[in-house]
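Worth saying up front: this structure is predicted, and the values here are computed from it rather than measured.
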Amino acid sequence: MEHTREALAERIAERRSGVGDPRALVGEMRRSLLLVPVADERLWSVRMGGVRWICGFTDETALARFALHHGPGDQPMDYAALLGARIVDEIVPALGEPAGLAVDIATEDGSMFFPPVAGIVPEAVAVDAGEGVEGAGR
C-alpha cells in the first residue's frame, strides 16, 4: 500500500513536469488508497468551476497540511481510506452533479485534479460524454 501512495505522488510529479503517461497516472490513481477527510459524516468536497471536487490525500502528511487550514481547530480530522477507483466509479456518480477528484490540494507543486471526463469517471456522468475525438493526435 505504501508503494502505491509513493507511486501516485511520483506519477503526479511526472505529469506536472510535462512528462509521463496520463493513462499511467489515471491507473495509479485508481489503484491508490486515498485518505478523504470526513466532516458531519460526509466526504469533504469543495465546489469550484461548476464541479464538485472530492478531496483525497496520498498520505497522512499531505492530509495534515490540509487539516492545518481546514481542520476543526485542535481536534483530529476524521478521514476515510478509499481506493481511487471507488471514488471515481461509485461515489462521483452518486453525487448527481459534475464531480471529480482533487488529490493533495494542500501540497505545493504536488496537487493533481482528475476532472469528470470520460476515461476518469464513468461515461454516464462524464461532462464530455458523447463528444467526438475528431482531430485527436494532430
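- Contact between Arg11 and Ala24 at its shortest, heavy atoms only, is NE-CB, 3.8 Å.
- Looking at every heavy atom in both residues, Ala62 comes nearest to Ala106 through O-CB, 4.5 Å.
- Between Pro115 and Val121, the shortest heavy-atom distance links the atoms O-CG1, 4.2 Å.
- Within the 6.0 Å centre-distance limit, the rings of Trp44 and Phe66 are counted as a close aromatic pair.
- Atom CG of Leu35 is separated from atom CG of Leu82 by 9.0 Å, given to the nearest 0.5 angstrom.
- In this structure, Arg52 contributes its side chain and Val46 its backbone to no donor-acceptor pair below 3.5 Å.
- Counting all heavy atoms, side chain and backbone alike, Gly20 lies closest to Glu14 at CA-OE1, 3.9 Å.
- Judged by distance alone, with hydrogens and angles left aside, the side-chain atoms of Asp128 form a donor-acceptor pair with the main-chain N or O of Ala118 at under 3.5 Å.
- Between Asp40 and Arg42, no side-chain nitrogen of the basic residue sits less than 4.0 Å from a carboxylate oxygen of the acidic one, so the salt-bridge criterion is not met.
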Please evaluate residues Val36 and Tyr79 with respect to the criterion side chain to side chain contact (heavy atoms under 4.5 Å, CB included), reporting the C-alpha separation (whole Å), side-chain torsions for both, the decisive distance (0.1 Å), and the verdict. CA-CA 5 Å; Val36 181; Tyr79 63 86; 5.8 Å; no
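- Counted by atom type alone, Asp104 and Ser111 present zero donor-acceptor pairs between their side chains at under 3.5 Å.
- A donor-acceptor pair is defined here as one N or O able to donate and one able to accept, closer than 3.5 Å; such a pair exists between the side chain of Trp53 and the backbone of Met48.
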I would like to know whether Met112 and Leu25 meet side chain to side chain contact (heavy atoms under 4.5 Å, CB included); could you show each step before the answer? CA-CA 10 Å; Met112 183 61 61; Leu25 172 63; 4.1 Å; yes
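- Salt-bridge check for Glu97 with Arg47: passed, with a basic side-chain N closer than 4.0 Å to an acidic carboxylate O.
- The 12-atom threshold is exceeded at CD of Glu90, counting heavy atoms of other residues, nucleotides or ligands nearer than 6.0 Å.
- Atom CE of Met29 is separated from atom CG of Leu8 by 8.5 Å, given to the nearest 0.5 angstrom.
- Arg16 and Gly110 get closest at one heavy-atom pair: NE-N, 3.8 Å.
- Salt-bridge check for Arg30 with Asp89: passed, with a basic side-chain N closer than 4.0 Å to an acidic carboxylate O.
- Going from atom OG1 of Thr107 over to atom CG of Asp59 covers 7.5 Å, rounded to the nearest 0.5 Å.
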